[in-house]
Chemist: 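Sharing a structure with you now.
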Protein chains: 2
Amino acid sequence: MQGVKISELTLRRLPKYRQYLIKLRKEGVEYTSASEISRVLDVHHTQVRKDLQATGVRGIPKVGHRVEDLIKGIEEFLNWNNTSDAFLVGVGHIGRALLNYEGFGRVGIKIVAAFDINPEITGTTILETPVFDLSKLIDLGNRLHTRVGILTTSPSAAQDVAVKMVEAGIIAIWNFTPVKLELSENIIVENVNIYPSLAVLSHRVAEYLKK
Amino acid sequence: MQGVKISELTLRRLPKYRQYLIKLRKEGVEYTSASEISRVLDVHHTQVRKDLQATGVRGIPKVGHRVEDLIKGIEEFLNWNNTSDAFLVGVGHIGRALLNYEGFGRVGIKIVAAFDINPEITGTTILETPVFDLSKLIDLGNRLHTRVGILTTSPSAAQDVAVKMVEAGIIAIWNFTPVKLELSENIIVENVNIYPSLAVLSHRVAEYLKK
DNA sequence: TAGATTGTTAATCGATTAACAATC
DNA sequence: TAGATTGTTAATCGATTAACAATC
């Protein structure tokens, strides 16, 4: 893996393998093979091998991979075994959905504080996470050295809040708003958007209806 | 466009162009060019041209494209100008977030009914959308000829509900659960998942911290 | 041993980018 | 006219798939 650039497409496929492997583990299966993963998930077997190799795991010819090692290998590669503290800004419906999601611990994310401007929400707690007024963001960020920001505000507030996040010391923003953030080059921005997926769905439905 | 296969990557980029064009329209801009879109959105200008051509719109050399025509062209191509009635099953946090989203009308989706099994929720209305008991799904689907299903249940219920959706006459499922649905080949399934995006984010953060 | 698997190298395929002619 | 743009064809690049040697 040293020096070899990991393609984003490979990174995006890894969680899918992990999910299937976790299902196998739950069923008590100890070993599996790239060929089997390939069959079940409809991914070409050579691609499964290449993707897994990117994470640095090694299999045993004729035997396959230990499920446990494979899960660990993927999680270590994605750094999901280390917890990153995160701030969430914007306690609307999406923000609330994320705050109530209990699975983040297993993927290396811990939301340590949420922020909003609505006085009816600030001061409350959502599933152990305290909600502060937005004005506390910069101070708290600098004190806690939080590096990840989850942006779930309204589109109109997104850019301003993103700038504040950066001032608070955040280096990576998981952006759930449809806004293209304009920030310094070295800030990591990862956008989550439902429209690309809807475009594919709509187009396929339209084709289906045409026939 | 006839006979030319549209790549999924092109489909997924179209909403991005549309969003920028809508911003231009709001600002009163009448004309734009592939070159300008390219600059602003950081997409290669040839790629913008190819993507737009896939939708069938034609520009005017030296002038560019009428913003209004471009928006219309993209929306017609994606069939977002026609409304598809949709059912939503699973009124948890994500389901609620989607039910409260007011922008679906503009992208061809109308959620006409929601379903859940929790008696505290069934019988209520969320932003005009009535919530029924899940047992009503098949009957209502057959009466209303609803074709799109939005799946926002718990993972454990996902497969069963998906099967019920198909029995109710649904041909396309927008799947917000992490479950790989096993359905007949001709059912359109489009998965929305935050993990691929988180994998990219985590990996980049890990690389950043290493330096 | 034969079969099943890994892992690597080569070939193919498709998407992106470059080059350029056409034009209002 | 010169410049800016569209739209097309060719070249490049990168991702996927095929072929195959190595091995427990």
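No hydrogens, no waters, no symmetry mates; every other heavy atom, side chains included, goes into these values. Since the model is a prediction, treat every value here as computed from it, not as a measurement. Letters A, B, ... mirror the listed sequences (proteins, then strands); counts begin at 1.
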Chemist: Check whether any side-chain nitrogen or oxygen of R58(B) sits under 4.0 Å from OP1 or OP2 of dT6(D), and answer yes or no.
Modeler: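 Answer is no, no contact under 4.0 Å.
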Chemist: In whole angstrom, give the distance that lies between atom OH of Y31(B) and atom P of dT5(D).
Modeler: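 Taking atom P of dT5(D) as the reference, OH of Y31(B) is at 14 Å.
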Chemist: Look at all strands and tell whether H45(B) reaches a base, only sugar-phosphate, or nothing, counting heavy atoms closer than 4.0 Å.
Modeler: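 No contact.
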Chemist: So which nucleotide does dG14(C) pair with, by the Watson-Crick or G-U wobble rule with both distances under 3.5 Å?
Modeler: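 Base-paired to dC13(D).
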Chemist: If you assign P61(A) and Q47(A) each to the DNA chain D nucleotide with the nearest heavy atom, which residue ends up on the more 5' nucleotide?
Modeler: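 Looking at DNA chain D, the more 5' nearest nucleotide goes with Q47(A).
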Chemist: Rounded to whole angstroms, how far apart are CD on E36(A) and P on dT6(C)?
Modeler: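 To the nearest whole Å, that distance equals 10 Å.
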Chemist: For S35(B) and dT6(D), is the shortest distance between a side-chain N/O and OP1 or OP2 below 4.0 Å?
Modeler: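 S35(B) to dT6(D) OP1/OP2: side-chain N or O found under 4.0 Å.
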Chemist: Is the W80(A)-Y195(B) ring centre distance short of 6.0 angstrom?
Modeler: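 Yes, they do, as the ring centres are separated by less than 6.0 Å.
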Chemist: Base, sugar-phosphate or nothing for S7(A)? Non-hydrogen atoms, less than 4.0 Å.
Modeler: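 The residue S7(A) makes sugar-phosphate contact but no base contact.
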Chemist: Counting Watson-Crick and G-U wobble pairs only, both distances under 3.5 Å, name the nucleotide matched with dC20(C), or none.
Modeler: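 Per the H-bond distance test, dG7(D).
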Chemist: Under 3.5 Å, is there a donor-acceptor pair between the E36(A) and Y20(A) side chains?
Modeler: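 Y20(A) and E36(A) do have a side-chain donor-acceptor pair below 3.5 Å.
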Chemist: Does Q53(A) have a side-chain nitrogen or oxygen under 4.0 Å from the phosphate oxygens OP1 or OP2 of dT8(C)?
Modeler: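 The answer is yes; a side-chain N or O of Q53(A) sits under 4.0 Å from OP1 or OP2.
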Chemist: May I have the distance from L52(A) (atom CG) to dG7(C) (atom P), rounded to whole angstrom?
Modeler: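 Nearest whole value for this atom pair: 9 Å.
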Chemist: In whole angstrom, what separates L9(A)'s CG from dA15(C)'s C1'?
Modeler: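 Roughly 11 Å, once rounded to whole Å.
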Chemist: Measuring from the side chain of H44(A) (C-beta onward, heavy atoms only), which nucleotide among dT23(D), dT17(D), dT6(D) has the closest atom?
Modeler: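 Output: dT17(D).
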Chemist: Nearest to the side chain of A34(A) - dT17(C), dG7(C), dT6(C)?
Modeler: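 Out of dT17(C), dG7(C), dT6(C), the nucleotide with an atom closest to A34(A)'s side chain is dT6(C).
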Chemist: Among dT17(D), dA10(D), dT23(D), which nucleotide sits nearest the side chain of K50(B)?
Modeler: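 Within the option list, the nearest is dA10(D).
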Chemist: In whole angstrom, what separates I6(B)'s CD1 from dT16(C)'s C1'?
Modeler: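 So the CD1-C1' distance, I6(B) to dT16(C), works out to 16 Å.
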Chemist: Figure out the CG/P separation between D51(B) and dT8(D), and round it to whole Å.
Modeler: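 Taking atom P of dT8(D) as the reference, CG of D51(B) is at 14 Å.
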Chemist: Which of these nucleotides, dT9(C), dG7(C), dA18(C), is closest to any side-chain atom of T46(B)?
Modeler: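 So the nucleotide nearest the side chain must be dA18(C).
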Chemist: Within the structure provided, determine whether I74(B) and L52(B) are in side-chain contact (heavy-atom separation under 4.5 Å).
Modeler: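 Yes; the side chains approach each other to less than 4.5 Å.
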Chemist: Return whichever of R39(B) or V63(A) has its heavy-atom-nearest nucleotide of DNA chain D closer to the 5' end.
Modeler: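 It is R39(B), whose closest nucleotide lies nearer the 5' terminus.
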Chemist: Contact class for S33(A) (heavy atom, under 4.0 Å): base, sugar-phosphate, or nothing?
Modeler: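 Sugar-phosphate contact only.
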Chemist: Of the candidate nucleotides dA15(D), dT16(C), dA18(C), which contains the atom at the shortest distance from the side chain of R13(B)?
Modeler: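 When the side chain of R13(B) is considered, dT16(C) is the closest of dA15(D), dT16(C), dA18(C).
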Chemist: Side chains of D85(A) and T146(A): is there a donor and an acceptor less than 3.5 Å apart?
Modeler: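 On atom types as modelled, these side chains do not qualify, holding no pair under 3.5 Å.
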Chemist: How are the rings of F115(B) and F132(B) set to each other: parallel, tilted or perpendicular (split at 30° and 60°)?
Modeler: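 Judged by the thresholds at 30° and 60°, the geometry between F115(B) and F132(B) is tilted.
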Chemist: Output, in order, the C-alpha distance, side-chain angles, deciding distance and verdict of salt bridge (Lys or Arg N to Asp or Glu O under 4.0 Å) for R13(B) and E8(B).
Modeler: CA-CA 9 Å; R13(B) 275 189 298 264; E8(B) 185 174 316; over 6 Å; no
Chemist: Does OP1 or OP2 of dG7(C) have a side-chain N or O of R49(A) closer than 4.0 Å?
Modeler: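 No, outside the criterion.
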